[in-house]
Structure formats: structure tokens, C-alpha cells
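A short write-up of the structure that comes next.
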Amino acid sequence: MPQPSTMRSSFSRLSSSTSVLTSPPATPFYPVSREYSPVAPTSSSSIRSASSTTAAVSSFSGFSPLAVPNGTSSPTAAPSRQKAITIDTMNQYLRRADYAVRGRLAIRAEELRELLDKGETSLPFTEIINANIGNPQAMDQKPITFFRQVLSLVQYPQLLDNEFAHKIFPKDSLERARVLLNEIGSIGAYSQSQGVPYIRKSIAKFIEERDGFSADPNDIYLAGGASSAVSSLLTTICGGPETGVMIPVPQYPLYSATLTIANATPIPYLLDETTGWGTDTKYIASVVKNSIAKGVDLKAMIVINPCNPTGSCLSHAEIKDIITLAADNTFMIIADEVYQTNIYEGEFHSFKKVLRELQRDFPDKYDNVELASLHSTSKGMVGECGQRGGYIELVGFDEQVLEQLYKLVSISLCPAVSGQVLTELMVNPPKPGDESYPVYKAEYDAIYKALKERAYSLFNAFKEMEGVSCQEPKGAMYLFPTISIPPKAIKEAQRQNEEPDQFYCLELLEQTGVCVVPGSGFGQKDGTYHFRTTFLAPGEEYVRKIIAFHMEFLQKYS
């Protein structure tokens, strides 16, 4: 594993793709943005002076009319000027955030799709394959019937008293809808900001059955997908550029983008590709030590398990080591576990279960570890991305911090109640003996089987491609192959002011219609090139397209 002294070069590509803020002094273990620099408004036309702002605020007492800075009692006609908000006067932290999964390649893919829809025939393909994003139901994955039946009934409760509905809906779906409506009322009404109590109890029961340890419904917050929960949590813990949050590299760019907007400092730690994208605790400990020595207030470590984008899964021993590191250095763990049912080899171990085991076996040592665990309806065999359901469980948090987090989520009133309903269905599906169970089990197993087959079909294709290597898929919905890019192609990419892997992926899109995401959008070790692709698309045609393109690319630039 690379040592901290070499990490600047190791993360040069991560820094340009994630556009991390540079407010703290640059150090060998901070990614530094090459693309933007902070824009600080200095002119009076850009921002009010502190004195005029203070005066205006004080005059607002008692809801009186806001005083005009020049002291007049009413505003005068303003001269013609530029827009109030421009690219240079907007929030520069937002401007610098980058989300490669829906970045330039995705935009170009939509442009090409529009051309195809208008009848364009000059392109060398007839359809766009969006392998850039884990969006299962956009790629032929069917919804679970029981889930949609119950959602239909809670959306239109009159069906519960309709004689025809009783002929087409199973009895258990009707009963589940009645229970949910009795607990919720109308799903068109706000719920508690933390989520419907009954649904939080269902989630707690699910966690207890999964882990074998108790769970408290009061520790659970429903959210509009895991992304919303991440945003709320990082907003709560990040106080400025002195705040450090460790992120894996490669990482899902939600984290780097959210930290950029929060003006916090990402502390990258490399996953080891040679060991199947595993973690090296001694190396991570050195990153922790160096970051603290540089004055960083290290608040949290983000772990994605199973991993997006690599498809790797952490072992029980790796999780134990990470929790021990957190206990020894007093930082919290954010465990992104949204792919916990997408396991194709081995076993999923939740951070909550391992933490409780350590707390049981070593009294006192792990009592103060703070853990935030995320789950979502968007992935797995549910695949309901558009429904925006999910939750976060917070363990070991200070009660006063939880009060502030509750205040934050209350500002948005509540997550969508229909998404909360779907979350309840995910954690509490039909059981053996229920009328809907045979159909549910058949659908669930068929989706799982198809995902695993597609994963290994693509993996085997990569193994046969010259200059490509790939770790075996163990979980999630993605493969992250290493690609060898010829020097001639690298020079051409530099001439076009492109990262070499971005150049490769753009050429792939333009020649085949297959949209993937370059590894530079996730972070990668310096001198290596990757791309992330989902294996959600059905059929083998797009795989053959990738193989043919790669051979032609090597020939063209050899």
C-alpha cells in the first residue's frame, strides 16, 4: 500500500475529479483541486458590507420595513445591471462539487439519445445503454409485485372496499395496506419528522433479526433514500475546512461532493486492488495519525460495504479492525450498507452486528463508538430508486447531537411517506405461509439470479480482453476494471485536455452508445486507469460492443 508521503501523487486524479476545497494548507494527504479556486466577492456590488448588513438586520426588528442602505425611506429605481446570481456570485462550494455518475458522459449520452429519438441514422449504434448508474428498473428489473400492490392500496384506499379489488389483490396485501393506513392515516399527510413510528419499529425488528442484537426504533430515522440521510448527517458533523472525514478511494462521489459543499476536508484512504479492494488497517492508521498531526479535526470514516464502485465486500476481521481504529482514535463510522442483499460470494457482515459483538466481548472499550448505518430501497432486489425510501440507524450518539439532527430533518418536515411505506415492505416482506410469499420468493430469486449471471458474464468478458484486469464480483451492482491505455492515446487525451480514462469512456460512448463512468470520477491510484460499469443491462450485445471497441481502441493507438 502507498504510504502517506506519496499520497499527493496518488490522489492527483481524485482531486481534479472531486474538486475538493483547499481552505486548509495543502498536505500530502489532502486532495487538492486543480480545476477551481475559491471565488471571494470583494466589491460592494457583490456583497453588502458588514456595517450595512448589521444596520439592515437591526432595522428589521418587529417586522418593520427593511431599511435601504442609503438611508432613504423607499427604494429607488435600480440601474440596469447583471443578474443578481451569476456563476461567480453563487455558492462556490456547490460550483466546485462534482458528481461524475451523472456528469459529462451522462449528459452526452442524453444528447445522443435525443438524436436517436429524432431519427438520426448516422450514428454507429441504435440505442444508448446507461451502464453509468445503478438504476435497476430503468434496465429491465421488474418491481416486486407485493410491494406495488400494497403501494397501490395505500395510495387509493377506496380499493380496500371494492369487490373487484378483492378478486385481484391477495388477502395479505389487503391486510398489510389496512395495517399501514391505520398506523399512518393518509399518506398525503406529513408524518413525524423522524418517520412513522410503526415503520421505525418494523425496521428495528428487521435489524434485530439480521444481527441477533436489539435495535431501538428511536435510533432510526427514515429518509428520502440513503443520499438524503448522508446529506443530513454530514451537515450535522461538518463545521468547516478543519473538519476531516475519511473516504475510501475509489469512492462513491456522493461523499466527496457533499463534503465539498459543506466546505469540509476529505481524507482519502486507498483500497488495495491487489487484495480484491480490501482495507489495510496499518496503512489506514497511518493516514489517521498523519491527518491528526496536521491539525485536522477527524470526525468520521466512511465505509461502503458492499463497495460502490468496486463490488468488493469487507470481511468480519476487516470490520472489527475498523471499529477498533475508531474506538482508539475517537471518530465515528458511517457505514453505507445499501447493497447488503447484493452478495454473490461470501457473507454480509453488518457494522452494527460486529460492534455489538465487540461491546459484548470487551466491556467499556467500545462503548463510546458512534455508528451510523445506511440502507435503501433503491438497490438490492427491490430496485425502487424513484420511490426514494431508506433509513439511517444512529448508535452511540450524544443525545444533544441527536436533538440537533432532529431539528435539521424537521426543517424538511418529513421524508415522503410513500417511500417510508416501501421501506417497511422491504424490511418486512411476505413470509412463508403468506398468500403472496410464493410469488414474492420467485420474483426475488429470479432478480438475484439474473444479477449474478450478468455480473459473471461481464467479469469473464473482461478477463479475456487484452490489457484489462478485473476483481471478481462479490457484491453490489458494479465492476471496476483496470484498463491499460496506450501512450499514444494518453498523449491524444492530453492534447484534448482530457483525463485518459475519460477520453477512453467518451470514445466508447461515441462508438457504441454504451455509457460508463471513468475511474477518475471515483478516485484511483496515480498511474492507473479504470472505469465503472453496472451489470444491470440484459443481454450480451452491449458486452460484445465493449469487447470490440476495446480491441479497435488498442489497434488505433498502438
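Everything numeric in this text was worked out from a predicted model, so none of it was measured. Below, each value reflects all heavy atoms present in this structure, side chains not excepted, and no hydrogens, waters or symmetry copies.
With hydrogens and angles ignored, the 3.5 Å screen pairs no side-chain donor or acceptor of Ser376 with any backbone N or O of Gly225. A distance-only check finds no donor-acceptor pair linking the side chain of Ser457 to the backbone of Glu453 [under 3.5 Å].
When all heavy atoms of Leu314 and Glu318 are compared, the pair lying nearest together is CA-OE1, 3.4 Å. Considering all non-hydrogen atoms of both residues, Pro268 and Val249 come closest at CB-CG2, 3.5 Å. In this structure, Phe459 and Cys470 approach most closely via the heavy-atom pair CE1-O, 3.2 Å. Taking every heavy atom of both residues into account, Ile247 and Ser256 meet most closely at CD1-CB, 4.4 Å. The shortest non-hydrogen separation linking His375 to Glu337 is ND1-O, 3.8 Å.
Considering only residues two or more places apart in sequence or on other chains, Lys365 meets the salt bridge (charged side-chain N to carboxylate O under 4.0 Å, His left out) condition with Asp328.
Within the structure, side-chain hydrogen bond (donor to acceptor under 3.5 Å, both in side chains) contacts touching residues 223-238 (residues at least two apart or in different chains) do not occur.
The OG1 atom of Thr310 lies 8.5 Å from the CD1 atom of Ile304; values are rounded to the nearest 0.5 Å. Atom CG of Leu374 and atom OH of Tyr221 lie 14.0 Å apart (nearest 0.5 Å).
Ring geometry for Tyr344 against Tyr448 counts as tilted: the plane angle lies between 30° and 60°, on a 0 to 90° scale. Note on ring orientation: taking the six-membered ring where Trp is involved, the planes of Tyr440 and Tyr444 are tilted (angle from 30° to 60°).
Relative to the ring axis of Phe480, Arg532 does not place its NZ or CZ within 45° and under 6.0 Å from the centre.
For the residue pair Glu242/Thr265, the side-chain donor-acceptor check at 3.5 Å is not satisfied.
The ring pair (Phe, Tyr, Trp, His ring centres under 6.0 Å) test with Tyr478 singles out one residue from Phe535, Phe531, Tyr339, and that residue is Tyr339.
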Could you check Glu424 against Arg176 for salt bridge (charged side-chain N to carboxylate O under 4.0 Å, His left out), going step by step and ending with a plain yes or no? CA-CA 10 Å; Glu424 200 279 336; Arg176 181 69 66 87; 3.1 Å; yes
